[in-house]
Amino acid sequence: MPDLAPALVAWYRDNARDLPWRAPGFGAWGVLVSEFMLQQTPVNRVIPHLDAWLALWPTPAALAKASPADAVRQWANLGYPRRALWLHRAAVEIRDRHEGIVPRQVDQLLALTGIGDYTARAVAVFAYGDHHPVVDTNTRRVLARAIDGQAQPGPPSRRDLAAMDALLPADAATSAVVNAAAMELGALVCTARGPRCTECPLRAMCAWRAAGYPDTGDTRRRQARYEGSDRQARGAVLKQLREASEHAVPIDDVAADWPDALQRDRAIDSLVADGLAEAVRGELRLPR
DNA sequence: GTCCGGTCTC
DNA sequence: GAGACCGGAC
């Protein structure tokens with residue numbers, strides 16, 4: 001198997017984007033907040049929200065002192081608002097279980113609300129410089145192509161971590177760069193559609209290229225339409241609650257103009273079930 | 001209209 | 001292991 005690491009490291013040195021969370025001394029809390037926001041939201045939309053969030057809550061303890069409602073409001077339109085609730089819970093857990101310090105151990109990070117395999121290792125590696133494989137969807141695609149000769153990765157699996165681990169050099173600092181470089185290459189060059197293979201630092205050793213770029217199929221499910229969906233209904237209800245500021249909204253006034261009353265009620269129920277809204281005496285509000 | 005994505009719940 | 005979940009960019 002070819003050694004991809006040196007080519008990745010050299011390419012990253014010249015091509016990495018200058019992103020805020022990559023600045024030296026950005027801090028583990030900043031890295032953790034950025035990773036929460038980046039879990040489902042593109043870089044360009046995250047940056048202004050990240051700056052504002054960290055200015056308001058520069059430490060886990062500061063966020064833990066705020067209410068969940070404040071966190072959901074500040075999350076604004078980043079999408080998937082459960083992440084705001086989870087980030088707030090994680091801050092409370094960090095205050096209560098780790099004396100306000102973002103933990104360094106992967107198993108302790110995994111035990112925090114909203115942190116899974118990717119984020120736990122991203123914090124341990126990018127904030128603390130430890131030696132672990134970090135695998136996101138970009139890395140999985142790079143490895144599927146360069147190593148397995150497949151156009152798209154298969155379903156996520158624990159094997160992904162072992163595959164990335166096998167590529168990492170022994171030195172922790174260099175292995176962190178290799179992790180970051182694989183993700184960055186997948187984001188900028190080895191993209192899902194329209195990959196820029198002529199610019200790729202791995203082209204000389206890429207199994208997919210060697211095989212003639214076969215279309216090996218794409219197992220990803222097509223996303224359902226957003227317009228008219230339950231998701232859109234939830235978004236509309238939550239937007240109204242955010243904009244009501246500190247106030248509760250009479251249930252009958254919640255998304256009153258939504259065309260499908262049953263769908264609106266489903267949205268309200270699911271938001272309450274997720275802890276994103278509270279129903280009190282015929283009114284709906286963000287969680288205190 | 002189509003695409004992007006990590007974690008949770010069941 | 002499968003399905004739910006957001007909103008903006010293109």
Side-chain angles (χ1 to χ4, degrees), chain A residues 21 31-50 71-90 93 106-107 109-126 132-142 144 151-161 164 179 182-184 186-195 218-243 255 263 266-277:
Chain A
W21 44 91
V31 170
L32 179 63
V33 173
S34 74
E35 292 296 352
F36 260 88
M37 292 182 171
L38 290 164
Q39 279 171 5
Q40 304 281 239
T41 303
V43 163
N44 290 338
R45 287 179 56 208
V46 161
I47 289 173
H49 288 276
L50 177 64
V72 172
R73 265 192 296 272
Q74 188 66 24
W75 196 257
N77 59 346
L78 277 173
Y80 290 117
R82 289 184 298 188
R83 292 181 290 160
L85 213 50
W86 292 342
L87 178 53
H88 180 269
R89 285 182 198 155
E93 291 160 1
V106 168
D107 58 352
L109 287 159
L110 282 170
L112 299 173
T113 300
I115 294 191
D117 276 335
Y118 166 75
T119 305
R121 288 172 178 78
V123 170
V125 171
F126 302 133
H132 303 281
V134 184
V135 176
D136 74 349
T137 192
N138 290 306
T139 297
R140 294 178 50 248
R141 186 174 53 255
V142 169
Q152 303 292 343
S157 142
R158 303 294 302 189
R159 295 170 186 276
D160 302 332
L161 284 173
M164 188 63 196
N179 278 309
M183 292 192 291
E184 192 77 341
L188 299 182
V189 174
C190 192
T191 49
R193 261 161 301 281
D218 187 344
T219 60
R220 292 172 300 174
R221 288 190 312 278
R222 197 179 102 266
Q223 174 169 312
R225 178 189 309 284
Y226 183 60
E227 194 70 24
S229 66
D230 285 11
R231 288 180 175 186
Q232 188 186 31
R234 274 172 60 108
V237 171
L238 201 61
K239 182 171 194 286
Q240 186 177 2
L241 296 186
R242 284 198 309 265
E243 290 174 352
Q263 187 177 48
R266 266 204 310 279
I268 292 171
D269 289 347
S270 74
L271 287 167
V272 170
D274 282 348
L276 282 163

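- In the region residues 113-125 of chain A, proximity to DNA chain B at under 4.0 angstrom, judged on heavy atoms, holds for A/T113, A/G114, A/I115, A/G116, A/D117, A/Y118, A/T119.
- Residue pairs meeting the salt bridge (Lys or Arg N to Asp or Glu O under 4.0 Å) criterion with at least one member in residues 37-50 of chain A, sequence neighbours excluded, do not occur.
- Scored by the salt bridge (Lys or Arg N to Asp or Glu O under 4.0 Å) test, A/R140 finds A/D160 as partners (sequence neighbours excluded).
- Applying the salt bridge (Lys or Arg N to Asp or Glu O under 4.0 Å) criterion to A/D230, with sequence neighbours excluded, gives A/R266.
- For A/A124, the side chain to side chain contact (heavy atoms under 4.5 Å, CB included) partners two or more places apart in sequence, or in a different chain, are A/V106, A/L109, A/H132.
- In this view, A/S229 satisfies the side-chain hydrogen bond (donor to acceptor under 3.5 Å, both in side chains) rule with no residue, not counting sequence neighbours.
- Contacts with DNA chain C (heavy atom under 4.0 Å) in residues 32-47 of chain A: A/R45, listed by number.
- The salt bridge (Lys or Arg N to Asp or Glu O under 4.0 Å) check on A/E243 picks up A/K239, with sequence neighbours excluded.
- Every residue two or more places apart in sequence or in another chain that forms a salt bridge (Lys or Arg N to Asp or Glu O under 4.0 Å) with A/E184 is listed here: A/R17, A/R22.
- Of the residues in residues 78-86 of chain A, those with a non-hydrogen atom less than 4.0 angstrom from any atom of DNA chain C are A/G79, A/Y80, A/P81, A/R82.
- With sequence neighbours excluded, the residues satisfying side-chain hydrogen bond (donor to acceptor under 3.5 Å, both in side chains) with A/T119 are A/Q39.
- Note on residues 112-126 of chain A: pairs passing salt bridge (Lys or Arg N to Asp or Glu O under 4.0 Å), not counting sequence neighbours, are A/D117-A/R121, A/D117-A/R158.
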